[in-house]
Student: 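To start, I am sharing the structure in question, which I have written as structure tokens.
Every chain is numbered from 1 and lettered A, B, ... according to where its sequence line falls, protein lines coming before strand lines.
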Amino acid sequence: MLKTVIKTTLEYLLLPCFQPMKLNSETILMDYTYLTKKRNSLKHIGFLAVSLFAPVATFAQEEGAEATRPGFIDLYSFEIAVGLLILFAVIAIFAIINMGSRLFNLTVEEVASKTGEDAEQLKDRVRLFPAIFPTKSKSEEVVSSGNRVVKLKQGQSISIDGEASAEIKQVVTATHSIQPVNFRGMIPIPKVEVKEGDKVKAGDVIFFDKKNPDVLYTSPVSGEFIELRRGPKRRIDELVILADQEQEFKDFGTLNVQTASAEDIKSKLVDSGAWPLMLQRPFNVVADLNATPKNIHISCFDSAPLAVDTTTAIARNTEAFQAGISALSKLTTGTVHLGANQDADNSALNGLADCEITEFKGEHPAGNVGVQIHHIDPINKGDIVWTVDPQHVIIIGRLFLTGKYDTRKLFSIAGSSLKDTFHVEAPMGVNLKSFIEGNTTSDHVRVISGDVLTGTTIAADGHIGFFHNGISVIEEGDQEELFGWLLPSYPRPTVSPTFFSYFHSGEKLAVNTNTHGEERAFVVTGRYEEVLPMDVLPMQLFKAILSEDFEKMEGLGLYELVEEDVALCEFVCPSKSPIQEIVTQGIELLRKG
Amino acid sequence: MKALRDFLRKIEPSKDKKYAHTTWDAFYTFAFAPATTTSQGAHIRDGMDLKRTMFHVVIAMQLCLMFGAWNIGHHHYAAYGEYVGYLEGFLPKLFFGLIQVLPIIIVTHVVGLGVEFIFAATKGHSVEEGFLVSGMLIPLICPPDIPLWMLAVAVAFAVLIGKEAFGGTGMNILNVALLARVFLFFAYPTYMSGDTCWITWDTNWIHDLFGLGVQGLADYGPQNLVQGMTGATPLGLAATGFEENGVMVAGLEGVTRYYSLEQMIIGAIPGSIGESSKIAIILGAVILLVTKIADYRIMLSMLIGCIGMGFLFNLFPANEFLELPWYYHIFMGSFLFAMVFMATDPVTASQTSTGKWIYGLLIGVVGMIVRVLNPAYPEGWMLAILFVNVLAPLIDHYVVSANIQKRLSRVK
């Protein structure tokens with residue numbers, strides 16, 4: 001609206017100035033009658049100049065009259081006035097030239113569209129002035145798909161060197177693991193159904209939570225159960241399976257999701273072990289078997305740094321993706337919502353049935369499902385919403401199409417400390433040791449399961465977590481830096497304009513794990529709000545959690561948040577506060593209290 | 001670098017000596033950004049930390065300090081009729097001022113940081129950077145002639161009662177620098193107001209050592225001014241004015257008789273050390289805004305509040321001070337300094353974005369009321385900011401309640 005008003009005004013004021021221009025191309029025919037009609041409006045520019053200048057002149061005059069002790073302004077008021085006038089004239093001429101150039105371009109585009117010539121070539125041929133601020137062509141701004149578009153102002157995408165290339169490699173043979181600690185609220189020692197040395201098929205039950213025995217956790221691959229790794233206090237950390245060369249699947253039978261009932265779908269998901277793929281908000285716990293969610297949300301893009309290429313993953317499995325969505329749509333009374341990236345190629349998503357697509361435009365965390373829920377249909381107290389990773393939707397879809405619990409998905413192998421980066425297709429919980437060994441640029445690296453903002457540190461031969469879609473490898477930053485807080489010796493990702501690297505925000509940087517400062521009390525305000533595109537007051541929420549104020553925690557929207565949504569807050573925090581840990585603490589308090 | 005680090009590591013006191021170790025740690029982390037790595041949560045962190053944030057505020061104040069030093073020298077010489085032109089005797093003026101200012105800065109830091117170090121060691125945490133800014137702000141808002149013992153008492157009071165009693169950096173309710181200033185004002189009112197305290201009349205022994213200043217004229221004093229020279233500030237002239245032929249001249253005429261607007265903008269007028277030059281302050285504001293360290297909301301709304309009240313006073317001019325054109329209020333006294341460096345202190349300001357707009361506006365309004373409608377004291381920003389500091393948690397409380405209410409009203 002405002003844009004249109006400004007544009008019309010400028011056009012009205014400035015277009016007459018171009019009448020005398022001698023156009024050196026016959027293809028351009030300017031409407032001279034139109035211009036003659038508007039010629040008189042040229043005087044408005046003069047009026048504009050006078051009205052802008054008048055206060056300055058009056059001010060200077062008053063000064064001269066009132067001050068008995070002559071000062072600079074009193075003595076030189078005339079010279080100052082003339083100087084300002086000249087300055088204004090220069091600015092005005094510059095603006096006119098620039099506007100002229102822009103309007104000229106628009107005309108050229110119009111002509112080109114009529115004659116069918118290439119607009120860029122035509123522009124080069126007939127250009128009068130160098131383009132100073134090139135106008136964006138209109139077609140870029142138009143949204144073609146007709147989906148609802150949400151534009152997010154807050155957020156910050158972090159460019160890190162070593163994004164995964166499009167190449168997709170296959171795993172020959174590896175160990176896989178399933179880790180009870182990946183599921184929030186799981187008891188430390190779940191009931192394990194297999195013994196070391198047992199042969200298992202993909203889909204055979206491995207363990208279950210004694211408090212919630214109906215949800216089964218099954219093997220992602222077929223092979224031999226080789227190890228049960230325990231942590232402190234005999235807690236079960238990992239259940240490791242050595243995969244067979246030839247995968248065998250337990251047959252759960254195919255099911256037509258279009259005609260099947262919700263009960264059938266549910267029981268198949270539970271039996272196969274695909275149920276824990278669905279997470280429940282608030283709190284990001286495994287979905288409750290007896291609950292019916294308000295909506296089910298799927299974020300079809302990952303905006304986190306070095307994230308997996310979800311678009312490709314979906315494009316490779318459109319049929320299974322559609323089957324998964326249809327199955328999920330039976331489980332909710334509401335809608336299955338898909339969040340798409342407006343800037344990306346969404347051809348794989350167009351034409352999907354049983355769902356609604358909302359397009360998001362903005363920087364990270366625009367791809368976080370929590371942020372998307374907040375803008376599509378926010379979680380209120382008492383609401384239950386499920387979220388599913390798009391790759392997990394594919395696994396669910398496959399289950400109904402083939403009857404197999406086939407957990408193959410795409411993982412990104414990325415990070416600034418890797419020589420070679422790529423994608424890997426493998427069943428879940430895979431050990432990617434063979435791809436990392438010998439591929440790192442130094443020995444002193446941190447291997448992270450998940451992305452660098454929310455992932456967990458694993459050993460170089462560790463297994464990927466249940467909900468993670470990749471591995472990031474970055475340098476350990478345990479180096480002291482002389483005056484590093486004042487004069488940084490290497491560029492680092494930042495949201496602060498005090499660093500030079502802020503002004504090259506597109507540049508891909510090598511990163512390390514240094515905290516770049518010590519932990520302090522909350523001092524600076526307003527930083528979190530800039531990277532959290534939700535209507536919550538982050539700092540007040542974090543303080544409410546620290547003071548265990550349940551009423552405020554609920555009221556300020558802890559139901560809508562999980563750790564990954566505040567990961568950027570933690571990244572930007574100048575006081576280096578452990579924000580994600582605080583949110584975990586708050587979620588645990590609310591869940592138990 | 002390695003040699004320095006090895007040397008510092010070698011002299012590291014044992015952790016049992018907590019006072020020594022805290023002090024050593026503060027200096028060590030000043031020299032070297034620590035090697036700590038992330039252990040949970042986000043694995044990478046922004047390069048920005050509290051040291052860098054605070055230091056950029058200090059950088060933004062340096063121009064004010066340098067100008068203030070020159071200004072002290074200028075007024076010392078000009079009061080006795082020497083080097084009356086701005087650029088005459090530039091270096092003597094600058095060094096005279098620096099010699100006057102440096103003891104003030106040193107005393108502030110020694111006392112303030114001393115208290116901080118002791119508290120940090122006693123409580124067993126590292127020294128936080130909050131005082132870096134306070135330690136620079138306090139000298140800038142003091143009169144140039146302030147006795148150092150008064151300064152020491154004020155700084156100790158502000159840091160102890162204003163900050164450490166509430167839990168240290170990030171926990172204080174009142175702006176520490178302003179608390180020091182308000183302590184000085186109410187504890188030693190005869191030194192801190194009036195016409196004589198804003199100009200350095202006497203030289204001290206360091207000046208004498210370097211032969212700076214007007215020598216041998218110590219007994220001249222304020223009573224022996226050259227013709228047309230006054231120590232009165234524009235605000236004093238506007239509020240109470242001066243007597244001429246049995247008539248009191250105040251308001252616009254009172255100000256412009258001695259100072260032109262241009263003089264006030266450049267800042268060659270008597271006043272506190274750092275707050276006279278509006279150009280230096282505006283440049284500081286630009287640094288703070290471009291680096292996103294200070295919040296533009298507070299500055300803008302405070303400016304709006306001040307201008308709005310100025311207009312309102314102009315509409316109902318009951319006396320000469322109320323008649324003073326509104327734009328004079330921006331450039332007179334310490335409004336800009338308070339707006340740029342004092343009100344934007346993130347700890348004592350409102351912490352919510354909406355709250356910041358209200359907070360700034362309130363300061364602008366209250367400050368103008370104190371400045372113009374108060375018969376006793378012709379400057380309002382110090383008291384206004386402290387007053388609204390106290391209100392800031394209340395403002396935040398209502399903003400938070402509104403957010404909670406909004407979320408509740410979604411359920412229908």
Side-chain angles (χ1 to χ4, degrees), chain A residues 63 66-69 71-74 378 380-381 446 448 452-453 455 474 476-486 488 492-499 511 513-518 520-526 529 537 539-540 555-557 567 570-572 574-576 578-581, chain B residues 1 4-5 29 31-38 40-53 55-56 126 128-130 167-171 252 256-263 266 290-293 295 327 346-347 349 351-353 356 396 399-400 403-404 406-408 410-411:
Chain A
E63 275 305 294
E66 283 165 3
T68 48
R69 210 175 137 140
F72 183 74
I73 292 176
D74 313 328
N380 301 312
K381 194 184 175 182
R446 181 180 291 190
I448 299 159
V452 290
L453 290 175
I474 57 174
E476 280 287 2
D478 52 352
Q479 299 285 326
E480 283 174 338
E481 203 185 348
L482 185 65
F483 292 116
W485 56 278
L486 184 62
R492 50 202 64 174
T494 183
V495 295
S496 166
T498 61
F499 289 94
V511 292
T513 62
N514 194 291
T515 52
H516 300 304
E518 295 161 288
R520 292 286 184 260
F522 289 110
V523 169
V524 179
T525 58
E529 284 85 343
L537 301 169
M539 186 180 267
Q540 281 67 31
L556 288 171
E570 185 169 19
F571 168 74
V572 302
S575 297
K576 314 292 171 192
I579 304 291
Q580 293 190 66
E581 199 184 74
Chain B
M1 174 185 158
L4 176 65
R5 188 174 56 204
T29 54
F32 290 98
T36 47
T37 54
T38 50
Q40 84 279 311
H43 294 270
I44 55 169
R45 299 296 172 95
D46 196 308
M48 197 66 178
D49 72 340
L50 218 51
K51 271 197 184 69
R52 193 176 174 85
T53 310
F55 202 76
H56 274 82
S126 47
E128 305 218 342
E129 291 81 8
T169 300
M171 315 291 176
L252 183 63
T256 48
R257 186 68 62 85
Y258 286 98
Y259 305 107
S260 66
L261 193 62
E262 160 252 323
Q263 257 182 322
I266 291 175
V290 166
T291 54
K292 287 193 192 168
I293 284 171
D295 204 296
Y327 50 86
V347 176
Q351 296 179 350
T352 53
S353 299
K356 280 172 187 162
D396 280 340
V399 175
V400 168
N403 188 282
I404 292 175
K406 199 167 156 192
R407 192 160 276 109
L408 284 178
R410 265 190 343 217
V411 193

Student: Hey, what do you get for CZ (A:Phe522) to CG (B:Leu50), rounding to the nearest 0.5 Å?
Tutor: 12.0 Å
Student: For B:Thr36, is it the side chain, the backbone, both or neither that has a heavy atom under 4.5 Å from a heavy atom of chain A?
Tutor: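 Both backbone and side chain.
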Student: Identify the two heavy atoms, one from A:Lys576 and one from B:Gly47, that lie closest to each other, and give their separation to 0.1 Å.
Tutor: NZ-C, 4.5 Å
Student: Checking the side chain of A:Arg520 only, and the main-chain atoms of B:Thr169 only, is there a donor and an acceptor separated by less than 3.5 Å?
Tutor: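 Not a single qualifying donor-acceptor pair exists.
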Student: If you count heavy-atom pairs under 4.5 Å with chain B, which of A:Val495, A:Ile474, A:Val511 comes out on top?
Tutor: A:Val495
Student: Heavy-atom pairs under 4.5 Å with chain B are the metric here; pick the option from A:Leu556, A:Asp478, A:Val524, A:Val572 that has the most.
Tutor: A:Leu556
Student: Which residue out of A:Thr498, A:Ile579, A:Asn514, A:Ile448 racks up the most heavy-atom pairs below 4.5 Å with chain B?
Tutor: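 When all of A:Thr498, A:Ile579, A:Asn514, A:Ile448 are compared, A:Thr498 has the most.
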Student: Could you measure the distance from the CD atom of A:Glu476 to the NE2 atom of B:His43? Nearest 0.5 Å is fine.
Tutor: 9.5 Å
Student: If you count heavy-atom pairs within less than 4.5 Å of chain A, which of B:Met48, B:Glu129, B:Lys406, B:His56 leads?
Tutor: B:Met48
Student: Would you compute the distance between atom OG1 of A:Thr494 and atom CZ of B:Arg45 and round it to the nearest 0.5 angstrom?
Tutor: 13.5 Å
Student: Got a second to check how far B:Asn403's CG is from A:Leu537's CG, nearest 0.5 Å?
Tutor: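 The CG atom of B:Asn403 sits 4.0 Å away from the CG atom of A:Leu537.
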Student: Considering all heavy atoms of both residues, which atom of A:Val523 and which atom of B:Gly170 are nearest to each other, and what is their separation?
Tutor: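 Minimum heavy-atom contact is CG2-CA, 4.0 Å.
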Student: Sub-3.5 Å donor-acceptor pair from the side chain of A:Glu570 to the main-chain atoms of B:Ala42, do we have one?
Tutor: yes
Student: Would you mind checking which part of B:Leu4 comes under 4.5 Å of any heavy atom in chain A, side chain (CB onward), backbone (N, CA, C, O), both or neither?
Tutor: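 Just its side chain gets close to chain A.
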Student: Show the nearest heavy-atom pair for residues A:Gln540 and B:Val400, with the distance to one decimal.
Tutor: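 Nearest pair, atom of A:Gln540 first, then B:Val400: CG-CG2, 3.5 Å.
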Student: Mind listing the closest non-hydrogen atom pair of A:Gly484 and B:Ala33 along with its distance?
Tutor: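 Scanning both residues completely, I find the closest heavy atoms to be CA-CB, 3.8 Å.
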Student: Is a side-chain donor or acceptor of B:Arg52 paired with a backbone partner of A:Leu486 at a separation under 3.5 angstrom?
Tutor: yes
Student: Can you see which heavy atom on B:Ile44 is nearest to which on A:Phe571, and at what distance?
Tutor: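 Closest heavy-atom pair between B:Ile44 and A:Phe571: O-CD1, 3.3 Å.
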Student: Return the CH2 to OG1 distance between A:Trp485 and B:Thr29, rounded to the nearest 0.5 Å.
Tutor: 9.5 Å
Student: What is the minimum heavy-atom distance between B:Thr291 and A:Pro497, and which atoms define it?
Tutor: O-CD, 3.4 Å
Student: With chain B, which of A:Arg492, A:Glu581, A:Lys381 has the greatest number of heavy-atom pairs at distances under 4.5 Å?
Tutor: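 Of A:Arg492, A:Glu581, A:Lys381, A:Glu581 has the most heavy-atom pairs under 4.5 Å with chain B.
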Student: Set out, in order, the CA-CA distance, both residues' side-chain angles and the distance that settles side-chain contact (heavy atoms from CB on, under 4.5 Å) for B:Thr37 and A:Arg446, then state yes or no.
Tutor: CA-CA 11 Å; B:Thr37 54; A:Arg446 181 180 291 190; 3.8 Å; yes
Student: Let me confirm one number: the CD-CD distance from A:Glu518 to B:Glu128, rounded to the nearest 0.5 Å.
Tutor: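 So the CD of A:Glu518 and the CD of B:Glu128 are separated by 9.5 Å.
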Student: Check each atom of B:Val290 against the heavy atoms of chain A and say whether the ones under 4.5 Å are side chain, backbone, both or neither.
Tutor: backbone
Student: Against chain B, label A:Glu481 side chain, backbone, both or neither, depending on which of its atoms sit under 4.5 Å from a heavy atom there.
Tutor: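 Both backbone and side chain.
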Student: Tell me which of these, B:Ile293, B:Thr53, B:Asp49, has more heavy-atom pairs under 4.5 Å with chain A than the rest.
Tutor: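 Heavy-atom pairs under 4.5 Å are most numerous for B:Asp49.
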